[in-house]
Amino acid sequence: MADLSAFPITARWPAQQPDRIQLYSAPTPNGVKVSIALEELGLPYEAHYIDIGNDETWGPEFLSLNPNGKIPSIIDPKGPDGEPLALFESGAILLYLAEKTGKLLPSDPAKRYETIQWVFFQMAAIGPMFGQLGFFHKFAGREIADKRPLERYRVESRRLVGVLDGRLKDRKWIMGNDYTIADISMLGWVRNLIGFYEARELVGFDDFPAVGAWLERGLARPAVQAGLQIPQRP
């Protein structure tokens, strides 16, 4: 049985199954990237719910694993060379899991880098812009009288949906017929944009049918349906 006692986070969230990947997360657009990937890959894991609303990511135990104080993070007890590996940042975790299993990432070098390019597009553009739009449209930012920030993020979010729509025209998935970590990185964010953030009309989402069809295909996958609920909120 793996010994994870060297990781202080396990004192706050004990591993009941230490031989499995330990996932510290919440069902947010970033968090579900990793739970969906784990479900798709069939890797055994143990999920620990981190209550970001109560600032659990800012406690010393969580910060010992991720000094940036954001979910998700993982510990793989069977990392490289059989040694435990701790990782944070969802994109890095997606890439690690894909390379660990040899799945969800093309073996062809050019296609591999192209896939990673689209994961970075999500991390650098889709995530930050959609998140800010949600803040100014759905959350505390909506009370700000000056609507220029909202308009800025509305315009940019719509532009990004257009970029994704252009990529998906005549493609089933972002990499064509191959479902990859690029799709997994964005499904939760696009779902949140038109669902939880209530921004479907605001960004004119229905003007981008290729994105809508891709989202429907993605959400129909059993692993995606499962991963969107993991870890379950108490």
Side-chain angles (χ1 to χ4, degrees), residues 9 21-43 45 47-48 50 52 57 62-63 65-76 79-80 84-134 156-157 160-161 163-164 167-168 171 173-176 178-193 197 211 214-215 218-219 221 223-224 226-228 230-231:
I9 196 169
I21 291 173
Q22 302 296 304
L23 170 65
Y24 306 92
S25 190
T28 67
N30 272 338
V32 300
K33 294 184 211 173
V34 177
S35 54
I36 290 171
L38 288 166
E39 289 288 323
E40 292 280 10
L41 293 167
L43 289 169
Y45 68 99
H48 304 272
I50 308 300
I52 57 179
T57 59
F62 190 87
L63 290 172
L65 186 63
N66 181 359
N68 193 37
K70 304 292 183 182
I71 56 96
S73 297
I74 67 166
I75 299 173
D76 184 357
L85 174 70
L87 279 179
F88 64 89
E89 289 297 343
S90 55
I93 298 171
L94 284 181
L95 183 57
Y96 169 71
L97 295 175
E99 292 191 333
K100 176 183 176 73
T101 59
K103 299 177 181 178
L104 298 176
L105 188 64
S107 58
D108 175 79
K111 291 183 178 179
R112 177 179 180 273
Y113 283 113
E114 189 177 356
T115 304
I116 295 171
Q117 162 190 268
W118 285 99
V119 173
F120 284 12
F121 168 73
Q122 180 277 306
M123 296 173 65
I126 290 281
M129 292 300 108
F130 286 12
Q132 289 298 315
L133 181 65
E156 183 65 0
S157 293
L160 292 172
V161 177
V163 171
L164 191 54
R167 174 65 181 184
L168 287 165
R171 287 185 174 92
W173 304 111
I174 290 171
M175 290 302 297
D178 295 328
Y179 174 79
T180 68
I181 56 174
D183 300 285
I184 292 173
S185 74
M186 286 187 248
L187 283 168
W189 277 107
V190 176
R191 173 179 177 263
N192 244 43
L193 176 71
Y197 293 161
V211 177
W214 163 83
L215 180 62
L219 294 179
R221 296 178 69 91
V224 174
L228 288 171
I230 298 171

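Index from 1, following the sequence. Nothing here was measured: the structure is a model prediction, and the numbers come from that model.
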For this session: Report yes if some heavy atom in the side chain of Ile71 is under 4.5 Å from a heavy atom in the side chain of Ile52; otherwise report no.
Result: yes

For this session: Enter the distance from Ile181:CD1 to Met186:CE here, rounded to the nearest 0.5 Å.
Result: 10.5 Å

Problem set entry | Over all atoms of both residues, closest heavy-atom pair of Ser157 and Phe130 | OG-CD1, 3.6 Å

For this session: For the pair Leu164 and Val190, evaluate side-chain contact (heavy atoms from CB on, under 4.5 Å) and give the outcome as yes or no after the intermediate values.
Result: CA-CA 10 Å; Leu164 191 54; Val190 176; 4.0 Å; yes

Problem set entry | Minimum heavy-atom distance Val211-Val161, with the two atoms named | CG2-O, 3.7 Å

For this session: Indicate yes or no: at least one non-hydrogen side-chain atom of Tyr24 is less than 4.5 angstrom from one of Thr57.
Result: no

Exercise. Taking the side chain as C-beta and beyond, is there a heavy-atom pair between Leu97 and Leu104 under 4.5 Å?
Worked result: no

Exercise. Quick one: are Arg191 and Leu219 in side-chain contact, heavy atoms under 4.5 Å?
Worked result: yes

Exercise. Can you check side-chain contact (heavy atoms from CB on, under 4.5 Å) on Ile174 and Leu168, steps first, answer last?
Worked result: CA-CA 6 Å; Ile174 290 171; Leu168 287 165; 4.0 Å; yes

Exercise. Within 45° of the six-membered ring axis of Trp118 and under 6.0 Å from that ring's centre, is NZ or CZ of Arg171 located there?
Worked result: no

For this session: Fit a plane to each ring of Trp189 and Tyr197, take the angle between them on a 0 to 90° scale, and name the class: parallel (under 30°), tilted (30 to 60°) or perpendicular (over 60°).
Result: tilted

Exercise. Would you call Glu89 and Asn68 a side-chain contact if the rule is heavy atoms closer than 4.5 Å?
Worked result: yes

For this session: Check the pair Gln122 / Lys33 against side-chain contact (heavy atoms from CB on, under 4.5 Å), numbers first and verdict last.
Result: CA-CA 11 Å; Gln122 180 277 306; Lys33 294 184 211 173; 2.6 Å; yes

Seminar exercise, completed: Residues at least two apart in sequence or cross-chain that pass side chain to side chain contact (heavy atoms under 4.5 Å, CB included) with Pro106, listed by chain then number, are Lys111, Thr115, Thr180

For this session: Using atom types as modelled and distance alone, determine if a side-chain donor or acceptor of Ser73 lies under 3.5 Å from a backbone N or O of Leu65.
Result: no

For this session: Identify the two heavy atoms, one from Leu187 and one from Leu215, that lie closest to each other, and give their separation to 0.1 Å.
Result: O-CD1, 3.8 Å

Problem set entry | Spacing of CG belonging to Leu43 relative to CG belonging to Leu38, to within rounding of 0.5 Å | 6.0 Å

Exercise. Do Val34 and Ser25 have side-chain heavy atoms sitting under 4.5 Å apart?
Worked result: no

Problem set entry | Exam field: side chain Asp76 to backbone Leu85, donor-acceptor pair closer than 3.5 Å | no

Seminar exercise, completed: To the nearest 0.5 Å, atom CD1 of Ile74 lies from atom OG of Ser90 at 11.0 Å

Problem set entry | Nearest heavy atoms of Leu160 and Ala125, plus distance in Å | CD1-O, 3.6 Å

Exercise. So how far is it from Glu39 CD to Leu228 CG, rounded to the nearest 0.5 Å?
Worked result: 10.5 Å

Exercise. Rounded to the nearest 0.5 Å, how far apart are CE of Met175 and CD of Gln117?
Worked result: 8.5 Å

Exercise. Taking all non-hydrogen atoms of both residues, which atom of Pro29 and which atom of Asn192 are closest, and how far apart?
Worked result: CG-ND2, 3.3 Å

For this session: In sequence, state the C-alpha distance, the side-chain angles, and the governing distance for Phe121 and Ile126, and then conclude on side-chain contact (heavy atoms from CB on, under 4.5 Å).
Result: CA-CA 7 Å; Phe121 168 73; Ile126 290 281; 3.5 Å; yes

Seminar exercise, completed: One should read off an interatomic distance between Ile21 CD1 and Leu87 CG, to the nearest 0.5 angstrom, of 10.0 Å

For this session: For the residue pair Pro80 and Tyr96, establish whether any side-chain heavy-atom pair is separated by less than 4.5 Å.
Result: yes

Problem set entry | Main-chain N/O of Ala110 paired with Asp108 side-chain donor or acceptor, under 3.5 Å | yes

Problem set entry | Closest approach of Gly91 to Met123 (non-hydrogen atoms, all atoms of both residues) | CA-SD, 3.5 Å

Exercise. Are side-chain heavy atoms of Val224 and Glu40 found at a separation under 4.5 Å?
Worked result: yes

